[in-house]
Each structure stands twice: as C-alpha cells, then as structure tokens.
Novice: 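One structure, as structure tokens, below. Some questions next.
To find a chain, count down the sequence lines: A is the first, B the second, and so on, and within it residues start at 1.
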2 protein chains.
Amino acid sequence: MSLRHAILGLLTFEPMSGYTLKSRYFDKSVAYFWPADQAQIYRTLQALEADGAVSSETVENDKRPNQKQYSITGAGERELREWLAAIHPPVTQKDGFLVQLYFARMLSRHQILRVLQAQRDTHRQLQDHFDNLVLPAADTATMKRQVRFGGLTLDYARRREKMLVEWLEACIAAVQEWPEQESI
Amino acid sequence: MSLRHAILGLLTFEPMSGYTLKSRYFDKSVAYFWPADQAQIYRTLQALEADGAVSSETVENDKRPNQKQYSITGAGERELREWLAAIHPPVTQKDGFLVQLYFARMLSRHQILRVLQAQRDTHRQLQDHFDNLVLPAADTATMKRQVRFGGLTLDYARRREKMLVEWLEACIAAVQEWPEQESI
DNA sequence: TTGCAATATATGTAGAATCATATATGCATC
DNA sequence: GATGCATATATGATTCTACATATATTGCAA
C-alpha cells in the first residue's frame, strides 16, 4: 500500500490537488516506480482525508475549474515518517517478461528473437531517457536535500536499464548461437 | 494476467495438481518473477478449466488425500503460444523501496542507513542464493531446451542482485558522505 | 457555434491479489 | 488419545488495480 505513502510524501513538497499530483508527478518521475491512475489517486485522497491524514480546501479558480487542495496533517506526517523508517519485508516483483522468456522453448527462434529485440529496444529507449534526464535545480535547503535522494533513485533507474540492455543483448547472442530445434 | 500463462506453461512440463504447482514451482523458481498464493492458483485453475484451457482428472491416493490432476488442452496450448509470441506493452514495476528512498530526506541519517543496510543485506543474501544455484540436469531434449531458457532467467536474477547490491553500497556511501541536516 | 482539448473531480464495475479460514486424510510424536 | 505436521482442496472477505464513463468549466480553433 505504498500509493498512500507516495501521496503523503508528495504532499510534503506543498499542498496540491489530485489533478496536480497526477499530471506533475504520477505521469512523470513517480511513474517509474509507482504508477497510478487518476481514479486511484482521487480515491486514495478521499481515504486519506477520511483517516485524517490529509485535509482539503476548495480553491476557487477564475480561468479553470475549482480545485480541491490537499494538505498533509500532523497525523499524516507521523504515519509517513513511521512507514519511511520501517524495515519492510521484501516484495517480489512480478515480471511477465520473465514468464515469457522462461517458456520460450515453445517458440521458434525467429519468434524468440523478435520478442527479445523488442524488449531490448524498449529498455534502450528508457536507458537513453534516464541518461539524458537532468535533476531539477533546488532553491530551498529542503529541496536540495530532496534532490539528493531523487538522484539516488535516478541512479537506480540508470543502472537498472543498463543491466537490462546488457542482459537482453546476452540473451539475443545466446539464442542466435543455440541450434534451432523443434519448438516444444 | 500472467499467472494464467505461468500455470499453462508449467503444465506443459507434465500434468500436475494445484498443490504440486504451488509447492514445486510457485514456492521456488517461479516465485522470483511471479509469486502467487495457494488461493490464487486454485482459483486460476478453476477459471482455466471453465475456459477449456485445462482439463482435470481426480487421482486417488492411498496414503494422501486425493488430487485433482490438471492437464493442458489443445486450446490451452494455443492460448499459451499466442501469448508467448506476442509483444506486450512494458508494465512498470511497483517498487515500494524506491518510494521509501525517494522521501528519505524526512529521516535522520541513522534511520536512512538502517533501512539501506537492511535492503543491502537482503539482496546480498539473494545474490548468494542465485550465485550458488545450480540448474537441474535435463533428461529429454525438451527439458534440455527448457533448462537453457531457465539459465537465461537465472542469469537475469544474478545480474539484478549484483546491480542492486552495488547500487545500495553506493547509496550508503553517498549518505555517509553527505552532511547531516535537519530531517525535513 | 460547434467541437475539441486541457483542466478538474467523481463513480461504477470488474478483475487481480492477499489474507484468513474451513475441511479432510494419514503419519509421527508426546 | 491428543497434538501437530505435511498433504490436498476450497471459499469468504477485503483491498488494490485498471478501465470506462460521467460531469463541468474555460479557451481556442475550425
């Protein structure tokens, strides 16, 4: 249940509406490690408000529809800090591509290579994206500190994509080397 | 929805009961990339049977409770092959640990290091586990081919754990270097 | 003026995942 | 005889996730 905590964390930057959370964060940076759709964000905000972890205030806009501005409360900040400091049991990540590769003996070499190359191309693009991504400049001390930790997660994304591209290249080379056989 | 296809794939090895699927595969090898609990496996088998992708037969046991042996059908094999050969859109993996690290500016240095070191220890153990893991010997041609692809996914696990340990070490070093500040 | 895009919030529904619990057999152990 | 464990299947309940759809405002372009 990290969506709850991701939202609480983002609200420590500044009070925000659900729309801003989505368009500024869940469509960009946070998307890499915790994607969430609009419906989920709005419902989680409602749940957080019901629990007293956030409070809301309607902001009237001239040129745009009114917003519900959410702020983190003291209780919300306590909950967040507690979660952040806790050692959580490792959660195994589900990876459909590994399922695909694991049973790839059922495919022809041509089919296997097609799937592997598509995957490699995807991760090459991601690698390119993260290698060219520049961290935003920070104005306050808090945000300077924030950018440091953002840098650590960016470093992870770069290492991960590099590893994936290398591994996929090795897979492609291996499959090309193996003798073609009955696919079963 | 890869649980469905993981089960279909495993049933290409041999007909199996839900219990065997769970204890022999989903508690071991498959667990690394597609963990599933017992309830889910049994319910997915029921759904697969309702769809005609698998068929079942009750096997009477003397010393143990009777089993429901599931076999993949022609329709199931077609569905599996189609899914295996398809290029699926990349699914972003949710990673709660990255959420934790991203907002770690709210913690003290001591708390951050504690969390990072626990994570590093976990992945060191996994690294050790995968580095010492030996692929099973294969008897038939099909299983020899299977072991090759199992080797590719094992290679992934090793590379991934190596990358994670290196990255976590770098994170720990970076945090130790940074000046201690107000945590906010 | 009609229609479209961006902004903004909300709900309905279905599927997937998790956790707990229920039932039953046979075996070993206390 | 009671207890616990491994084997074996099933269901109830809840949460999480995803996808679709509904509603409303403003600005802009065809």
Side-chain angles (χ1 to χ4, degrees), chain A residues 1-7 15-28 30-31 33-51 54-70 83 88-96 99, chain B residues 1-8 15-28 30-31 33-51 54 56-70 83 88-96 99:
Chain A
M1 223 209 349
S2 299
L3 178 56
R4 197 179 162 94
H5 303 106
I7 289 175
M16 267 182 269
S17 67
Y19 190 84
T20 305
L21 280 166
K22 170 71 178 150
S23 54
R24 198 130 84 211
Y25 296 99
F26 285 96
D27 283 344
K28 312 257 173 80
V30 186
F33 48 85
W34 206 278
D37 81 337
Q38 176 262 11
Q40 230 181 314
I41 292 168
Y42 278 89
R43 271 195 262 246
T44 303
L45 282 168
Q46 287 166 8
L48 283 166
E49 188 166 28
D51 295 346
V54 304
S55 62
S56 74
E57 192 190 350
T58 301
V59 175
E60 312 269 335
N61 281 325
D62 274 3
K63 314 204 158 179
R64 293 179 298 175
N66 296 343
Q67 284 187 340
K68 265 174 92 171
Q69 195 93 348
Y70 288 92
W83 182 82
H88 302 287
V91 177
T92 313
Q93 313 214 1
K94 311 206 160 176
D95 191 333
V99 177
Chain B
M1 223 209 349
S2 299
L3 178 57
R4 196 179 162 94
H5 303 106
I7 289 176
L8 286 176
M16 268 181 267
S17 67
Y19 190 85
T20 305
L21 279 166
K22 170 74 176 146
S23 54
R24 197 131 84 211
Y25 296 99
F26 285 96
D27 284 344
K28 313 256 173 84
V30 185
F33 49 84
W34 206 277
D37 82 336
Q38 178 261 11
Q40 228 181 316
I41 292 167
Y42 278 90
R43 270 195 263 248
T44 303
L45 282 168
Q46 286 166 9
L48 282 166
E49 188 165 27
D51 294 345
V54 304
S56 74
E57 194 190 350
T58 301
V59 175
E60 313 267 337
N61 281 325
D62 274 4
K63 313 204 161 180
R64 292 180 298 174
N66 296 343
Q67 284 187 338
K68 263 174 93 171
Q69 194 93 347
Y70 288 92
W83 182 83
H88 301 286
V91 178
T92 312
Q93 312 214 2
K94 311 207 160 175
D95 191 333
V99 178

Novice: Tell me every residue that passes side chain to side chain donor-acceptor pair (under 3.5 Å) with Ser56(B), counting only those two or more places apart in sequence or in another chain.
Specialist: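 Counting only residues at least two positions away or on another chain, Ser56(B) forms a side chain to side chain donor-acceptor pair (under 3.5 Å) with Glu49(B).
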
Novice: Apply salt bridge (Lys or Arg N to Asp or Glu O under 4.0 Å) to Lys94(A) and list each qualifying residue two or more places apart in sequence or on a separate chain.
Specialist: none

Novice: At under 4.0 Å between heavy atoms, how does the protein contact nucleotides 13-20 of chain C? Give one character per nucleotide, 5' to 3', with B, S or -.
Specialist: B--SSBBB

Novice: If the condition is side-chain contact (heavy atoms from CB on, under 4.5 Å), which residues does Tyr25(B) pass it with, not counting sequence neighbours?
Specialist: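 Partners of Tyr25(B) under the side-chain contact (heavy atoms from CB on, under 4.5 Å) test: Leu10(B), Phe13(B), Met16(B), Ser29(B), Val30(B).
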
Novice: Applying salt bridge (Lys or Arg N to Asp or Glu O under 4.0 Å), can you list everything that pairs with Lys68(B), at least two apart in sequence or on another chain?
Specialist: none

Novice: Does Gln46(B) have any side chain to side chain donor-acceptor pair (under 3.5 Å) partners at least two apart in sequence or in another chain, and if so, which?
Specialist: none

Novice: Report the residues that fulfil ring pair (Phe, Tyr, Trp, His ring centres under 6.0 Å) with Trp83(B), sequence neighbours left out, ordered by chain and then residue number.
Specialist: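 In terms of ring pair (Phe, Tyr, Trp, His ring centres under 6.0 Å), with neighbours along the sequence ignored, Trp83(B) is linked to His5(B), His88(B).
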
Novice: Under 3.5 Å, which protein N or O atoms sit close to an N or O of nucleotides 4-7 of chain C? Give each pair with its distance.
Specialist:
unit_1 : atom_1 : unit_2   : atom_2 : d
dT7(C) : OP2    : Tyr19(A) : OH     : 2.9
dT7(C) : O5'    : Tyr19(A) : OH     : 3.2

Novice: Work out which heavy atom in Lys22(B) is nearest to a heavy atom in Ala36(B); give both atom names and the distance.
Specialist: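 Smallest interatomic distance, heavy atoms only, reads NZ-O, 3.3 Å.
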
Novice: First and last nucleotide of DNA chain D touching chain A, 5' to 3', heavy-atom cut-off 4.0 Å?
Specialist: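 With heavy atoms of chain A under 4.0 Å away, the range is dC16(D) to dT26(D).
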
Novice: Applying salt bridge (Lys or Arg N to Asp or Glu O under 4.0 Å), can you list everything that pairs with Asp37(A), at least two apart in sequence or on another chain?
Specialist: none

Novice: Under the rule for ring pair (Phe, Tyr, Trp, His ring centres under 6.0 Å), what residues qualify as partners of Phe33(A), not counting sequence neighbours?
Specialist: Tyr102(B)

Novice: Can you sort out the partners of Arg24(B) under salt bridge (Lys or Arg N to Asp or Glu O under 4.0 Å), two or more places apart, ordered by chain and number?
Specialist: Glu14(B)

